[in-house]
Amino acid sequence: MSELEFHQVAFESARAGINYLAFIHSPKTGETACVDAGDAGTIKKALADKGWTLTHLWITHHHPDHVEGLEEVKAATGCTVIGPKEQSQPIAGLDVLVKEGDSFEIGGHKVKVLQTPGHTLDMVNYYIPSSKTVFTGDTLFSLGCGRIFEGTPEMMWDSLCKLAALPADTTVYSSHEYTEGSAKFALTVDPANTALQTRARRVFALRAEGKPTVPSMLSEELATNPFLRASDPAMRAHLGMSEASDAEVFAEIRKRKDNF
Ligand code: ZN
Ligand code: FE
């Protein structure tokens, strides 16, 4: 089984800042998938640059910065569009509806569907076990997580736990470059974390040069992302929440970030 190739490009959206689009390509079959379709022009240019033909879109959720270019890309390429079965708002143009436990293939590699509601109720993420790569949409970010618009903190915590349980050497592709602000916030809730201090310095240096901080390794997130660390004794002590449940600690961190 030949390896899959991964490629990431960025575009700016007025509402959401820097968005990332991730491409998955099989040199064996020529199949190419793109995770989400927030900007048709960026997708078409990336395909032309790589000489790839789009065969699939894997949609994570209904927000405009993830689906605005869907119909234009589909019309231009004739690709098959995979997306959430449990829709909180209708997404036009979906061909294949997927839910937790479903899987499909690209280039002979299995892709597992994970439902991770919280940011939205329809959120699905895509995990490729053979290449230990996950596409987390707006659920898990580098050093952060999505705002809770449609779900509850408990639901979002469960979704993050599902991602945290993947192998630690999984590569995490998320949809936004929010890492610099997330690092500044993380230092306020987990100030004694030396791994976080080191990562934050690296993030500030990368962003000063305009370089991406996505993708990241899940092991790094487990060590430094406060939204995955609700059970960490030092952070709980810092928050004065040593007796609270993990979900309560997560909810407090999320609330503080919303007001940061
Ligand atoms: Zn979103
Ligand atoms: Fe988004």
Side-chain angles (χ1 to χ4, degrees), residues 7-24 33-43 46 57-73 81-94 97-100 113-127 133-153 155-160 162-163 172-183 185 207 212-216 221 225 227-228 250-251 253-255 257-258 260:
H7 180 57
Q8 177 178 269
V9 293
F11 70 93
E12 285 283 334
S13 72
R15 273 175 298 246
I18 298 173
N19 279 67
Y20 287 119
L21 291 160
F23 292 83
I24 304 94
C34 180
V35 180
D36 287 329
D39 189 74
T42 304
I43 292 175
L57 285 172
W58 303 350
I59 301 298
T60 62
H61 67 297
H62 69 268
H63 282 161
D65 60 308
H66 298 258
V67 300
E68 216 148 52
L70 191 164
E71 291 184 279
E72 186 180 337
V73 169
V81 187
I82 296 171
K85 182 176 190 129
E86 289 184 20
Q87 289 167 30
S88 46
Q89 285 194 39
I91 302 171
L94 296 186
L97 304 178
V98 292
K99 61 179 191 323
E100 180 75 25
V113 176
L114 308 171
Q115 279 184 251
T116 61
H119 174 72
T120 60
L121 292 174
D122 62 352
M123 181 71 74
V124 292
N125 295 164
Y126 299 94
Y127 173 53
T133 303
V134 68
F135 302 91
T136 60
D138 287 357
T139 300
L140 176 62
F141 294 137
S142 287
L143 284 175
C145 75
R147 260 180 119 96
I148 299 168
F149 288 118
E150 296 180 4
T152 65
M155 191 185 276
M156 189 67 162
W157 173 243
D158 286 346
S159 293
L160 290 168
K162 195 183 282 186
L163 296 171
V172 180
Y173 282 86
S174 53
S175 297
H176 291 282
E177 182 56 68
Y178 293 156
T179 319
E180 186 168 16
S182 296
F185 169 75
R207 293 311 299 149
T213 64
V214 176
S216 64
E221 300 306 328
N225 186 328
F227 297 100
L228 297 182
F250 166 75
I253 299 169
R254 187 59 259 178
K255 194 174 82 191
K257 177 66 163 64
D258 290 345
F260 183 65

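In what follows, every heavy atom counts, from backbone to side chain, and hydrogens, waters and symmetry copies are set aside. For ligands, and for the atoms within them, numbers begin at 1 and follow the listed sequence.
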Next on the checklist: Before moving on, can you tell me the angle at the Zn ion (ligand 1) between the NE2 atom of His119 and the OD2 atom of Asp138, to the nearest 10 degrees?
Outcome noted: 90°
Checklist outcome for this item: For the Fe ion (ligand 2), the nearest N/O/S atom on Asp65 is atom OD2
Next on the checklist: Could you check, using the six-membered ring where one of them is a Trp, whether Phe141 and Tyr178 have ring centers closer than 6.0 angstrom?
Outcome noted: yes
Next on the checklist: Less than 3.5 Å apart, any donor N or O on the side chain of Glu150 or Ser88 sitting next to an acceptor on the other?
Outcome noted: yes
Checklist entry - Are Asp158 and Lys162 close enough for a salt bridge, meaning some N to O gap below 4.0 Å? => result no
Item to check | Backbone or side-chain N/O/S of His63 under 2.8 Å of the Fe ion (ligand 2) | outcome: no
Checklist entry - Which is the closest N/O/S atom of Asp138 when seen from the Fe ion (ligand 2)? => result OD2
Checklist entry - Which atom, among the N/O/S set of His66, is closest to the Fe ion (ligand 2)? => result NE2
Next on the checklist: Strictly under 2.8 Å, is the Fe ion (ligand 2) approached by any N, O or S atom of His176?
Outcome noted: yes
Next on the checklist: To make sure I understand the geometry: which N, O or S atom in His63 is closest to the Zn ion (ligand 1)?
Outcome noted: ND1
Next on the checklist: Taking the basic N atoms (NZ, or NE/NH1/NH2) and the acidic carboxylate oxygens, is any pair closer than 4.0 Å for Lys85 and Glu100?
Outcome noted: no
Checklist entry - Do His119 and Asp138 have a side chain donor and acceptor closer than 3.5 Å? => result yes
Item to check | Option passing side-chain hydrogen bond (donor to acceptor under 3.5 Å, both in side chains) with Asn125 (candidates Thr116, Thr60, Thr136) | outcome: Thr116
